Structures are given as C-alpha cells and as structure tokens.
Amino acid sequence: MSWSTPWFDSRYYELLYGHRDERDAALWVEAILARWRLPAGSRVLDMACGRGRHARCLVMAGMRVTGIDLSPASIIAARERVPEAEFHVHDMREPIPGAEFDAAICLFTSIGYTAAPEDDLRVLRSAHTMLARGGHFVLDFMNTPRVLGNVMPDEDRLIAGVRFHTERRQENGTLVKSITVDDDGRMHRFEERVRLLRPSQLECLAEEAGLVVVDRTDGPRLDPFDPLRSDRFVLWTTKETA
C-alpha cells in the first residue's frame, strides 16, 4: 500500500474529503448500532480508521474501540481526537495477535487499493479471525455498477484556499483518480487507484473468508441495495457461532 501513504498522510486528503465529517460518521454509527443492537461495552474494531471520526462516535455510544490504520499521521490525529480509544499503526491484512472483537467495521471504500487482488481476501480473513463467535462485520464500498455507468468528468474545487483538480479514468478494472493540488502556487500531485469490485465479488470474498452474508443495503441508510440507484454497497456479515 506504499503508493497511498503520502496521500492519506497529507492534509490535502482530509481537505478534499472534508464532507465526510462528524455528522456523516454519526449517521453510519447510528445505523450500525441500530442494526446490530450492540450493548454498551462491546469491543469494536475500526479497520482503516483514518483520523478516528467513526471511533469517536462509537466511544460516545459506549463501545470499547480499537482503531487500526497504515497511516502514522492518521493514527496520531486519531489518538488526539479520541483519547478514550486505542489506536495502532497496523496493516489490516494481518490480524492483531490475540485480539478478539464483538464487531468490526471497514467503511469508506477502504479495500481494493493494493496491486495484489488477493489482499482483499486477506483483509476479510483478518476480520473473520479477530471476530468472536457470533460477531458482526460490515463492509462499506462504492456502488461499482453505478460508478461504471456514471464516471464523473474532470473536476475543479476550491477548498480553504487550496485548488484541487481531479481527473478520473478506468484502467484495467481499476478506478484511477489523478489529483493535482495547487496550494498558493505550490503544486502537489497524488493518485488514488482502487479496484472496481462488484457487489457479487465482495460477497464471494466474504464467504470465502468464512463470513456469513446476512444483508446488503445502501449506506448510511438501511435501504435495500439497488445496483442502479444506491450510492453505496454495504455488506452485512456475521461469524458463525459454532
């Protein structure tokens, strides 16, 4: 995942995706807790936790939260933001030794970024390994069928005095975003590459990892998933009790 670290570590990533704010995080957490009915004190793992916005909402709801992310800068920010939670710089493809959780979340299209497709299965197997029997795992991914039908054109945005120019293209089953940042004349260039995983592929990966698929919804609402209309594909799974 080395290509992504400079981008995810940069302040420009947070600026560009600032609309994914505390209110957005609260909607996700409310939906997840309503669906799973987790009691206070439940152990929740936030995979690819970023700067801790979901972890903060989970802590406020009484959960015991552990967050993991590859970005050291994100983990530093998360620890400052949510001192009540536990955060680690950790590769989510590998289970945390000896850890066990009642639930795990992986939100905001956080798989599909590495050069090796088998890494996506490794992430789901890692989640399965760390879940207690009967534990829950939810995966939030872009709705690939809709993305394929509505690839956005080039986009220019001015955010807090910083200009972003984003170019999007499809390349061998991958969505590529080339992002040029103009910060008062200082130019920076970043790239995002994420596999265009379809809902059926994600379901197969979850089942191969040993998880039981129980539902598919839009997100953060709990509306049934519609390939043509849903903004997100949210996969709800559990680990068998025996």
Side-chain angles (χ1 to χ4, degrees), residues 13 16-38 44-50 53-55 57-58 61 92 103-114 117 119-121 123-124 127-128 135-155 157 166-177 179 192-209 211-239:
Y13 177 84
L16 185 60
Y17 293 113
H19 59 290
R20 303 290 186 176
D21 56 12
E22 297 283 347
R23 182 174 180 276
D24 175 79
L27 291 174
W28 276 102
V29 170
E30 287 170 9
I32 289 167
L33 296 183
R35 180 62 182 267
W36 286 341
R37 303 182 186 278
L38 294 174
V44 181
L45 175 66
D46 187 355
M47 304 174 75
C49 64
R53 58 195 180 91
H54 297 106
C57 294
L58 287 164
M92 65 181 178
I105 64 175
C106 186
L107 307 179
F108 194 34
T109 307
S110 293
I111 66 171
Y113 288 98
T114 69
D119 283 343
D120 303 325
L121 178 58
V123 171
L124 298 183
H128 178 271
H136 308 283
F137 174 67
V138 63
L139 176 68
D140 159 51
F141 201 77
M142 61 183 169
N143 178 9
T144 296
R146 186 172 182 182
V147 169
L148 289 171
N150 301 278
V151 175
M152 292 180 62
D154 296 355
E155 180 183 24
R157 297 179 65 188
T166 303
E167 299 177 2
R168 298 173 177 85
R169 66 184 186 277
Q170 295 180 48
E171 186 179 287
N172 299 321
T174 299
L175 177 64
V176 182
K177 291 184 185 178
I179 303 159
E192 286 186 19
R193 305 178 67 90
V194 59
R195 271 185 293 285
L196 289 161
L197 295 165
R198 293 178 176 272
S200 58
Q201 291 176 284
L202 293 168
E203 289 193 37
C204 287
L205 287 171
E207 290 170 350
E208 189 173 350
L211 295 161
V212 178
V213 175
V214 296
D215 203 2
R216 312 134 191 93
T217 66
D218 198 351
R221 302 177 302 277
L222 296 181
D223 299 333
F225 174 70
D226 185 322
L228 299 179
R229 296 182 176 83
S230 293
D231 293 322
R232 310 292 299 171
F233 174 67
V234 186
L235 189 64
W236 302 83
T237 72
T238 62
K239 182 172 179 175

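Keep in mind that the numbers below use all heavy atoms, side chains included, and drop hydrogens, waters and symmetry copies. Computed from a prediction, not measured in an experiment: that's the story for all the values here.
One finds a salt bridge joining Arg53 and Asp24 here, because a Lys/Arg side-chain nitrogen approaches an Asp/Glu carboxylate oxygen to under 4.0 Å.
Judged by distance alone, the side chain of Asp218 and the main-chain N or O of Asp223 form no donor-acceptor pair under 3.5 Å. Between the side chain of Lys239 and the backbone N or O of His128 there is at least one donor-acceptor pair closer than 3.5 Å.
Here the shortest heavy-atom pairing between Leu197 and Gly112 reads CD1-CA, 4.4 Å. Nearest heavy atom pair, residue Ala206 against residue Val213, reads CB-CG2, 4.3 Å. Between Tyr113 and Arg193, the shortest heavy-atom distance links the atoms CD2-O, 3.2 Å. The heavy-atom pair separating Asn143 from Ser230 by the smallest distance is ND2-O, 2.7 Å.
By the ring-ring contact (aromatic ring centres under 6.0 Å, His included) test, Trp36 pairs with His136, Trp236, sequence neighbours left out.
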- Task: Mind running side chain to side chain contact (heavy atoms under 4.5 Å, CB included) on Phe141 and Cys106 for me, showing each step along the way?
- Result: CA-CA 9 Å; Phe141 201 77; Cys106 186; over 6 Å; no
- Task: Check step by step if side chain to side chain contact (heavy atoms under 4.5 Å, CB included) holds for Glu22 and Cys57.
- Result: CA-CA 8 Å; Glu22 297 283 347; Cys57 294; 4.2 Å; yes
- Ile32/Val44 under side chain to side chain contact (heavy atoms under 4.5 Å, CB included): CA gap, chis, key distance, verdict: CA-CA 11 Å; Ile32 289 167; Val44 181; over 6 Å; no
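Among the candidates Ile111, Thr144, Thr114, Asn172, the single residue satisfying the side-chain contact (heavy atoms from CB on, under 4.5 Å) test with Arg195 is Thr114.
Inter-residue side-chain proximity for Pro145 and Pro199 is flagged as met; some heavy-atom pair is nearer than 4.5 Å. Lys177 places none of its side-chain heavy atoms less than 4.5 Å from the side chain of Val194. Contact annotation: the side chain of Thr237 never approaches that of Leu139 to less than 4.5 Å [non-hydrogen atoms, C-beta and beyond].
Note: Phe233 and Phe225 meet the aromatic proximity criterion, with ring centroids under 6.0 Å apart.
If you take CH2 on Trp28 and CG on Leu33, they are separated by 13.0 Å, rounding to the nearest 0.5 Å. In this structure, Gln170 CD and Leu175 CG are separated by 7.0 Å, a value rounded to the nearest 0.5 Å. A distance of 4.0 Å separates CG of Asp215 from CZ of Arg35, quoted to the nearest 0.5 Å. We find the SG-CZ distance between Cys204 and Arg198 to be 13.0 Å, quoted to the nearest 0.5 Å. For the atom pair OG1 (Thr174) and CG (Leu196), the distance works out to 6.5 Å, reported to the nearest 0.5 Å. Distance check: Asp140 CG to Asp231 CG gives 10.5 Å after rounding to the nearest 0.5 Å.
Judged as a salt bridge (Lys or Arg N to Asp or Glu O under 4.0 Å), the pairs with a partner in residues 200-209 (not counting sequence neighbours) are, in order, Arg125-Glu208, Glu203-Arg216.
For the residue pair Thr109 and Arg232, a side-chain donor N or O sits within less than 3.5 Å of a side-chain acceptor on the partner.
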